[in-house]
Amino acid sequence: MVLNNIRIGMTVDTTNIRKQNYKQDTITKKALRILPSYRIFKETYNFLQKSQWWTREQLEEYQLEQLNNILDHAYTNVPYYRKVFNERGLKPKDIQDFKDLQKLSFLTKDLIRDNLKDLKARNYPHKKFEYVTTGGSTGVPLGFYYEKAVSRAKEWAFMKTQWDRVGYNFRDKCAVLKGYVVNSVTDYRFWEPSFFGRWLVFSSYHMTDENLPIYIKKIRQFKPKFIQAFPSIITILAGYMKKHNILPFDSVKAILCGSENMYPGQRELIEDAFQCKLYTWYGHAERVVLGGECEKSKSYHLFPEYGITELIGENEKPVRGEREVGMIVGTGFTNYCMPLIRYKTDDLGVHTNKKCDCHREYPLLKNVEGRWLQEFIITKNDRLISITALNMHSDVFDNVKQFQFYQDKKGEVFLNIVRGENYTTADTEYIKRELCKKMDDDVQLIIQFVNNIPRTIGGKYRFLIQKLPIEFGDYKYEL
Ligand SMILES: [Zn+2]
């Protein structure tokens, strides 16, 4: 038998799903985690209220100061960076401006995986490290560390500052459609309250034509002011509403969309169905770059206070021309437990030198190209499952080096896995069990082990190779 190509056929069994008392790490828990660090949130938030109106010079001065701090810290306390500096005969003082930063090598996902221990700051006690994992937008699982309580508090301050632009308040009611599994899906109850009852989190895995009227009725009853969503998931609801001429929700003032980019036509469909503003932003779990729309434009306004963003062209030099495309590389300021310096995000950004009418002197990105490959799996019964939703932020893929879904037949999907060193059959069982919960009974999942997963021509991994045309509502997308 060829070990590298074992096929494990599996038909998903729904009885399993009901039996398991599975509980996703709820948003309330995440929110509670930041309560002790409310002071950090408040300080960061208050700072951003002022700094967002600083001049370009003030912002650059601040960035250089922050860069010096993080480089000094990395050199002194983080073995990986000490090595990087030493190998190049550099000291932190040799990096005096943004151009000097190019003297340091890039950090990649592979390098993080291979040097995880050496990337941890030695001057932080064990209890300060919070382990997080992400599949990112590229299908390569990655584990790393936040500073417990601090990282999340700072992130909230930045997010709140962005959402302020569409009038979001913590007291506001939100419906949440972001790839969550809801624990208590029984008797057509596809939601559960969160964030002290202010948020209603909906299951993203039961959005069928049969169930959507129940979702719509509940949203109307709950009267949320905002809907937080993954674009692919809100699109299913929007497509259904347009197809059946369902009126928008009067209470909803804006849709807050992150984590995925939009297909052409998706924004128009969502805004048309909901008759309100769609607010989008761009960021990662790795927290090196964050930017969102403003009141005046749809370009991403990158927070200079969050980190330094470089757009790197094919020759490894920064991209400067209007509409030129480069790899988004970020150096984050908010995580001293595990600093990420010159981290390659694997996303491509479109540069612009234009200034925005909002008068913020933030660098702008016209668009992010890398995430256009957001995709769906099509089930036997024409249900669409967002691939971002399957891309679980948990430890499921910890022992997997790479994975990729492949579909060319409705209701059947292959999961190709490159096993890591510690991978065992227990991992296969765990993966099957977790994916079952999300795929329900109308997708057959076939796990295959492979030696490697080929990159695309652009050198990127794709999370799903989808050979089927995708349809929702009157909209049809060819991948
Ligand atoms: Zn603006």
Side-chain angles (χ1 to χ4, degrees), residues 67 70-71 73-88 101-102 104-124 126 128-148 150-152 154-155 259 282-290 306-310 312 316 327-348 370-371 391-404 417-423 427 452-453 455 459-463:
L67 180 64
I70 199 101
L71 291 179
H73 164 69
Y75 180 76
T76 312
N77 303 306
V78 185
Y80 172 80
Y81 291 111
R82 171 65 72 123
K83 200 174 98 214
V84 167
F85 273 93
N86 286 348
E87 278 170 1
R88 282 158 188 74
L101 188 55
Q102 292 169 36
L104 294 177
S105 52
F106 295 115
L107 179 66
T108 62
K109 290 178 169 63
D110 283 341
L111 284 168
I112 291 182
R113 222 171 277 118
D114 296 343
N115 297 279
L116 190 62
K117 229 175 88 208
D118 282 348
L119 276 159
K120 292 168 78 174
R122 292 287 185 261
N123 59 332
Y124 278 78
H126 181 70
K128 290 297 284 177
F129 288 86
E130 178 188 346
Y131 185 63
V132 284
T133 59
T134 174
S137 52
T138 56
V140 188
L142 184 70
F144 51 95
Y145 294 93
Y146 287 161
E147 183 178 347
K148 205 170 270 177
V150 175
S151 296
R152 290 184 190 279
K154 287 185 178 170
E155 188 72 6
S259 303
Y282 166 72
H284 311 90
E286 293 92 317
R287 313 256 164 99
V288 291
V289 48
L290 180 69
Y306 194 85
I308 292 172
T309 311
E310 299 172 85
I312 301 294
E316 303 227 321
M327 159 86 72
I328 299 170
V329 173
T331 298
F333 295 155
T334 63
N335 184 3
Y336 273 64
C337 265
M338 185 171 144
L340 300 183
I341 296 167
R342 300 203 85 202
Y343 173 67
K344 276 185 164 178
T345 62
D346 288 344
D347 288 332
L348 300 178
R371 294 186 171 188
N391 185 5
M392 291 169 287
H393 288 240
S394 66
D395 57 354
V396 178
F397 292 112
D398 256 2
N399 292 323
V400 171
K401 228 170 149 187
Q402 288 169 13
F403 64 103
Q404 185 177 56
I417 287 178
V418 181
R419 286 166 292 184
E421 264 172 32
N422 300 322
Y423 191 96
D427 289 291
N452 63 63
I453 288 169
R455 288 166 183 264
K460 300 198 60 160
Y461 286 102
R462 289 188 58 184
F463 201 73

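Only a predicted model underlies this, so the values are computations on that prediction, with no experimental measurement involved.
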* Sequence neighbours left out, what passes ring pair (Phe, Tyr, Trp, His ring centres under 6.0 Å) with Phe333? Give chain and number order. =>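 Not a single residue meets the ring pair (Phe, Tyr, Trp, His ring centres under 6.0 Å) criterion with Phe333.
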* All ring pair (Phe, Tyr, Trp, His ring centres under 6.0 Å) counterparts of Tyr131, not counting sequence neighbours ->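 Counting only residues at least two positions away or on another chain, Tyr131 forms a ring pair (Phe, Tyr, Trp, His ring centres under 6.0 Å) with Tyr145.
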Residues in side chain to side chain contact (heavy atoms under 4.5 Å, CB included) with [X], at least two apart?
X	result
Thr76	none
Val288	Leu340, Tyr343, Thr345
Asn123	His73, Asn77, Ala121

* Asked: Do Arg342 side-chain atoms and Gly330 backbone N/O form a donor-acceptor pair below 3.5 Å?
  ->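 A pair under 3.5 Å: no.
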* Do Tyr282 and His284 meet the criterion of a side-chain donor-acceptor pair at a distance under 3.5 Å? ->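 There is such a pair (donor and acceptor under 3.5 Å, judged by atom type) between the side chains of Tyr282 and His284.
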* **Contacts of Asp114 that satisfy salt bridge (charged side-chain N to carboxylate O under 4.0 Å, His left out) - sequence neighbours left out** =>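 Result, salt bridge (charged side-chain N to carboxylate O under 4.0 Å, His left out) vs Asp114: none returned.
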* State which residues pass salt bridge (charged side-chain N to carboxylate O under 4.0 Å, His left out) with Lys120; sequence neighbours excluded, sorted by chain then number. => none
Counterpart residues, side chain to side chain donor-acceptor pair (under 3.5 Å), relative to [X] (two or more places apart):
X	result
Asn335	none
Tyr306	Glu155
Asn399	Asp427

* **salt bridge (Lys or Arg N to Asp or Glu O under 4.0 Å) contacts touching residues 328-340 (sequence neighbours left out)** =>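 As it turns out, there is no salt bridge (Lys or Arg N to Asp or Glu O under 4.0 Å) pair with a partner in residues 328-340 once direct neighbours are skipped.
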* **Between CG on residue Leu107 and CD1 on residue Ile341, distance to nearest 0.5 Å** => 8.5 Å
* **Closest non-hydrogen atom pair, Gly143 against Leu116** =>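 Closest heavy-atom pair between Gly143 and Leu116: O-CD1, 3.4 Å.
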